[in-house]
Every structure is written in C-alpha cells, then in structure tokens.
Amino acid sequence: SPNEVGINSPDAVRIIQKVSGGFDKSAWYDMTGPGMLGMRDREKHSRRRRLLAHPLSNSSLPAFEPLIQAKVDLAMDQMETENRKLGYTDVHKWFSFMATDIIGDLTFGSSFRMLEQGRVSVIIPHVSDSTNTS
C-alpha cells in the first residue's frame with residue numbers, strides 16, 4: 001500500500017529489527033502490547049535490554065534447565081493422569097499452568113503451584129528479601 005512496506009527477507013528483517021539498525025518502529029508496534037518487541041523508545045529499550053542481558057545470556061540459561069525440566073516433567077505427569085482419569089487431556093490448560101509456574105519461579109523465585117494444584121492459583125508467591133541490611 002502507499003503507506004506500508006512488506007518485508008519478506010529474513011536477512012532484511014534482522015537488519016531492520018536490530019536496535020542499532022537505524023530504523024524507527026511505526027505506531028503499528030503500539031498494538032503489540034507491553035514488552036520488548038513493541039517498545040519504540042530506543043533509550044527505554046536499551047535500559048530494559050541491559051537489565052535482561054545477563055539472565056538471558058547463553059552462559060546463564062543452562063542454570064535454569066533443571067528447574068524448567070522439572071516443570072516439564074510435572075506437566076507431562078499431570079497430563080497423563082488427567083488422560084487416564086477423563087479419557088482426554090486439556091493440553092492448553094497444562095501448558096498454560098507450566099508456563100505460569102516457570103515464570104513465577106524465574107521472576108519471583110517461587111512457583112504459583114498451578115501444576116501441582118491443577119487449577120489457577122490466586123496465591124501470589126512469597127518474594128523473600130535477599131538483601132543484607134546489616
């Protein structure tokens with residue numbers, strides 16, 4: 001159209017989406033909701049990216065693998081149990097519970113325990129204060 005450009009090249013998308021690519025994001029990104037992808041302010045994006053760089057680095061990610069694997073195993077067990085009991089499994093429900101529990105563990109240091117309970121949890125995980133004030 002006269003006011004939009006469609007890009008169908010992975011190489012071009014990498015260049016365009018790169019923070020230092022020199023391209024500004026259009027108002028279309030405002031519809032994507034909160035998050036890094038839709039962030040149009042370069043300074044704000046840069047600050048947020050610096051905060052997330054270490055925990056999401058290739059060297060840090062393996063530390064999360066045992067926690068994530070335990071949640072995957074629990075989700076699979078719960079789906080198998082539900083299937084035996086009901087004759088079917090609500091995969092969307094269990095994957096949502098798994099994702100929420102993983103996010104709780106990684107963000108707050110405590111799971112929402114939705115996988116264990118098999119239902120949406122309204123309990124907010126306790127966040128301990130690990131700062132030393134002495």
Side-chain angles (χ1 to χ4, degrees):
S1 78
N3 59 357
E4 291 183 13
V5 175
I7 305 296
N8 190 17
S9 164
D11 292 334
V13 170
R14 281 188 205 97
I15 294 167
I16 293 167
Q17 291 292 335
K18 203 164 128 178
V19 175
S20 61
F23 296 95
D24 292 328
K25 291 182 178 178
S26 71
W28 179 88
Y29 283 90
D30 294 339
M31 297 184 301
T32 64
M36 294 287 288
L37 177 66
M39 206 173 282
R40 294 173 61 197
D41 181 315
R42 287 178 188 263
E43 279 302 312
K44 187 175 180 181
H45 183 274
S46 180
R47 286 192 307 271
R48 180 83 47 92
R49 186 178 169 107
R50 279 194 299 272
L51 286 173
L52 296 173
H54 178 69
L56 297 177
S57 69
N58 286 339
S59 60
S60 293
L61 287 176
F64 303 131
E65 187 175 352
L67 178 140
I68 293 169
Q69 186 63 57
K71 296 295 182 194
V72 169
D73 292 343
L74 180 56
M76 298 304 290
D77 290 344
Q78 292 289 53
M79 285 189 278
E80 184 178 350
T81 299
E82 182 176 86
N83 188 49
R84 271 191 261 114
K85 182 178 175 183
L86 302 176
Y88 64 89
T89 299
D90 184 345
V91 176
H92 180 265
K93 173 183 77 175
W94 291 110
F95 282 1
S96 295
F97 290 171
M98 180 181 68
T100 303
D101 282 351
I102 289 170
I103 289 167
D105 267 322
L106 296 179
T107 305
F108 303 112
S110 180
S111 172
F112 288 99
R113 299 182 44 79
M114 291 170 68
L115 280 171
E116 290 89 348
Q117 297 172 16
R119 62 182 173 82
V120 173
S121 173
V122 295
I123 299 170
I124 305 298
H126 174 72
V127 180
S128 62
D129 182 9
S130 61
T131 58
N132 186 353
T133 58
S134 57

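As the structure is a prediction and not an experimental result, all values here were calculated from the model.
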Participant: Which residue pairs satisfy the salt bridge (Lys or Arg N to Asp or Glu O under 4.0 Å) criterion with at least one member in residues 100-110, sequence neighbours excluded?
Facilitator: K71-D105
Participant: Measure the CG-CZ distance between L74 and F97 for me, rounded to the nearest 0.5 Å.
Facilitator: 11.5 Å
Participant: Partners of D11 by side-chain hydrogen bond (donor to acceptor under 3.5 Å, both in side chains), sequence neighbours excluded?
Facilitator: R14
Participant: Just so I know, are the side chains of H45 and D41 near enough to count as touching, which here means a heavy-atom distance under 4.5 Å?
Facilitator: no
Participant: What pairs with E82 under side-chain hydrogen bond (donor to acceptor under 3.5 Å, both in side chains), at least two apart in sequence or on another chain?
Facilitator: K93, W94
Participant: If hydrophobic clusters are built from ILVMFWY residues whose side chains come within less than 4.5 Å, do L67 and L61 share one?
Facilitator: yes
Participant: At what distance, to the nearest 0.5 angstrom, does CG of D73 lie from CD of Q69?
Facilitator: 4.5 Å
Participant: Can you find a pair of side-chain heavy atoms, one from T100 and one from V120, that are under 4.5 Å apart?
Facilitator: no
Participant: Rounded to the nearest 0.5 Å, what's the gap from CG on N83 to CG on D90? Could you check?
Facilitator: 11.5 Å
Participant: So do F95 and M79 actually touch side chain to side chain, heavy atoms under 4.5 Å?
Facilitator: yes
Participant: Under 3.5 Å, is there a donor on one side chain and an acceptor on the other for R50 and S46?
Facilitator: yes
Participant: For residues L106 and M114: do they belong to one hydrophobic cluster (side chain heavy atoms under 4.5 Å, members Ile, Leu, Val, Met, Phe, Trp, Tyr)?
Facilitator: yes
Participant: Using only atom types and a distance under 3.5 Å, with no angle test, would you say the side chain of S111 pairs donor to acceptor with the backbone of R113?
Facilitator: yes
Participant: With a 4.5 Å cut-off on side-chain heavy-atom distances among I, L, V, M, F, W and Y, is there a chain of contacts connecting F108 to I102?
Facilitator: yes
Participant: Would you say CZ of R40 has more than 12 non-hydrogen atoms from neighbouring residues, nucleotides or ligands within 6.0 angstrom?
Facilitator: yes
Participant: Would you compute the distance between atom CD1 of I103 and atom CE of M98 and round it to the nearest 0.5 angstrom?
Facilitator: 10.0 Å
Participant: What are the two closest non-hydrogen atoms of S59 and P62, and how far apart are they?
Facilitator: O-CD, 3.6 Å
